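What follows is a set of notes on a single structure, which appears directly below.
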Number of protein chains: 2
Amino acid sequence: MSGAVIKYDLCMGRWQPNARGRLEQAALELYGERGFEQTTVAEIAKRAGLTERTFFRHFADKREVLFAGGVMLEDLLVRAIADAPDSTTPIEATIAALEGAGALLQERRERSRQRQAVIDANAELRERELIKLATLASALAGALRRRGVTDLAASLTAEAGIAIFKVAFERWIKETNEKELPQIIRESLDELKAVTAGK
Amino acid sequence: MSGAVIKYDLCMGRWQPNARGRLEQAALELYGERGFEQTTVAEIAKRAGLTERTFFRHFADKREVLFAGGVMLEDLLVRAIADAPDSTTPIEATIAALEGAGALLQERRERSRQRQAVIDANAELRERELIKLATLASALAGALRRRGVTDLAASLTAEAGIAIFKVAFERWIKETNEKELPQIIRESLDELKAVTAGK
DNA sequence: TATGCTGATGACAGCAACTGACATCAGTCC
DNA sequence: GGACTGATGTCAGTTGCTGTCATCAGCATA
């Protein structure tokens, strides 16, 4: 489990490659082993064979190391919405994009569980997760506006989409059966439709 | 305003009353004057005539001083949902509760604007605001479940309600005309209904 | 080959957020 | 009057985070 401190290897350049990835790995391990607050940045850096100062060159703060990967997801969603056929309704384009992202996550179910367990165990990490989701909602709304959707409708559709994703993701993580994330997302949309229709 | 440090007054007990309120006031002023990050806790405490250590006895961290009042709002909303007639649908009970809260905020429009300007100017404060809203959503979902609403429907209704509130509040803060918050909330619900219906 | 630039890292000092431990002392209860 | 309580002060310490300067492999270019 890579508790070992990595040292220079004279054969390959001045430094070990992928410093950023090593920091991410070390942080996820340590946060999982002893908790977020009980882990110091110095310890993460040491396990990655680097110094504390270098950690903060790669990540803005101690939390960000768990969320830096989210940029890819945002790109994916925005592109999916942009590429949807013109005839697609805003809510349908949004949900289709989320189903696509859900399919990706479906392939890394165990890692998602591990990461989410770390996040759920700490209030500061939950805060960071929420702002990432809010940023995502903003990006989705922007993508919708670029399709000609009005401001209000774009914001509400994006927020509703994120709400659906949150609820669906939580159920997916919690459930023991093997229902797949994209399917849960679709079911959640149907439920939201029923609920807003006044039921 | 009130840059003066408050001193003991031999006529009235050992300490000035309402230490907590003085800290809240001093913090809002300083955050507004020079920004959240540029304000130290020691400065807030000094303006309130107290010490840094005492600040942390009243508030868990430097941000919480802006959000401690939110507990009242949560109580109000939960009670409103609990007290709604049995025949009221979940979404209607939720929106009615939010309209009630909106009416309260309507009376302090300027203070709301001031507070929101401080929050919007800082990412850490936005994080804290989001987790407060998420907590509120949880509380709403709980209140709905106690009315016999199923888990999934309760979560989605609560999340949708909060999404509506976020969007409506933002428009209310931003707009120069005098449209009232409860009305904007109602309009936003109608828009969400249109959007989820597939439009 | 020499020279200089760049980019990732280390080393170190320092600030400010937050915590734990103990002291102080007005008011209150018995 | 003596014990107790509760809000506050004081002080030392940990840790997240930043600024600054030094180091040095690799690369380009003369």
Side-chain angles (χ1 to χ4, degrees), chain A residues 5-27 30-31 33-68 118 122-128 131, chain B residues 5-27 30-31 33-68 118 122-128 131:
Chain A
V5 175
I6 298 169
K7 288 296 196 182
Y8 279 28
D9 177 341
L10 296 177
C11 299
M12 47 196 319
R14 188 172 180 188
W15 298 289
Q16 289 283 323
N18 196 24
R20 191 184 174 88
R22 271 150 51 212
L23 287 168
E24 286 178 355
Q25 179 68 25
L30 284 167
Y31 293 169
E33 287 169 17
R34 64 180 85 163
F36 175 77
E37 288 178 1
Q38 284 64 49
T39 303
T40 69
V41 175
E43 288 166 344
I44 298 170
K46 188 175 179 190
R47 180 171 292 198
L50 295 164
T51 63
E52 188 182 347
R53 192 65 186 87
T54 296
F55 178 97
F56 286 108
R57 287 202 182 90
H58 284 276
F59 304 99
D61 60 56
K62 192 184 166 188
R63 291 174 276 171
E64 193 62 18
V65 65
L66 283 178
F67 295 93
V118 169
N122 182 271
E124 286 181 69
L125 291 174
R126 269 178 273 136
E127 286 190 2
R128 178 57 54 88
I131 210 164
Chain B
V5 174
I6 298 169
K7 288 294 195 184
Y8 279 28
D9 178 340
L10 296 177
C11 298
M12 45 196 320
R14 189 173 180 187
W15 298 291
Q16 289 283 323
N18 195 23
R20 190 184 174 90
R22 271 149 51 212
L23 287 167
E24 285 178 356
Q25 179 68 27
L30 284 167
Y31 292 168
E33 287 169 17
R34 64 180 84 162
F36 175 76
E37 288 178 2
Q38 284 64 49
T39 303
T40 69
V41 174
E43 288 166 342
I44 298 169
K46 188 175 179 188
R47 180 170 293 198
L50 295 164
T51 63
E52 189 182 348
R53 192 66 185 89
T54 297
F55 178 97
F56 287 109
R57 287 205 182 89
H58 284 277
F59 304 99
D61 59 56
K62 191 184 166 189
R63 292 175 274 172
E64 192 61 19
V65 65
L66 283 178
F67 296 93
V118 169
N122 182 270
E124 286 181 70
L125 291 174
R126 268 178 275 136
E127 285 190 4
R128 178 56 54 89
I131 209 164

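Just so we're clear, the structure is a prediction, and the values are computed from it rather than from any experiment. Numbered from 1 within each chain, the chains take letters A, B, ... in sequence-line order.
Rounded to a whole Å, the CZ atom of B:F59 is 14 Å from the P atom of D:dA7. Computed from coordinates, the B:F55 CZ to D:dA7 C1' distance equals 17 Å when rounded to whole Å. The nearest whole Å value for the distance from the NZ atom in B:K62 to the P atom in C:dA16 is 10 Å. In this structure, A:R34 atom CZ and D:dT15 atom P are separated by 11 Å, rounded to whole Å. Distance B:D61 CG to C:dA16 P: 18 Å, rounded to the nearest Å. In this structure, A:E52 places its CD atom 11 Å from C1' of D:dT18, rounding to the nearest Å. Protein atom CD of B:E64 is 14 Å distant from nucleotide atom C1' of C:dC18, rounded to whole Å. Distance CZ (A:R128) to P (D:dG16): 14 Å, rounded to an integer number of Å.
How far CD of A:E127 is from CZ of A:R63: 6.0 Å, rounded to the nearest 0.5 Å.
Using a 4.0 Å heavy-atom criterion, one finds that A:A19 contacts the sugar-phosphate atoms exclusively.
Residue order along DNA chain D, read from the 5' end via each residue's closest nucleotide, puts A:F36 first among A:F36 and A:R57.
A salt bridge is defined here as a Lys NZ or Arg NE, NH1 or NH2 lying under 4.0 Å from an Asp or Glu carboxylate O, and B:E124 with B:K62 fails to meet this definition.
For B:R14 against D:dG9, no side-chain N or O and base N or O form a donor-acceptor pair under 3.5 Å. A donor and an acceptor atom sit less than 3.5 Å apart, one in the side chain of B:R53 and one in the base of C:dG20.
The phosphate of D:dT8 (OP1 or OP2) has a side-chain N or O of B:H58 nearer than 4.0 angstrom. Close to D:dG9, at under 4.0 Å from its OP1 or OP2, lies a side-chain N or O of B:T54.
Within the 4.5 Å cutoff, side-chain heavy atoms of B:Y31 are placed close to those of B:V65. By the 4.5 Å heavy-atom criterion applied to side chains, A:R47 and A:E43 are not counted as neighbours.
Annotation: side-chain contact (heavy atoms from CB on, under 4.5 Å) contacts of A:A60 (sequence neighbours excluded): none.
Residue B:F56 has its side chain nearest to C:dA17 when only D:dG16, C:dT9, C:dA17 are considered.
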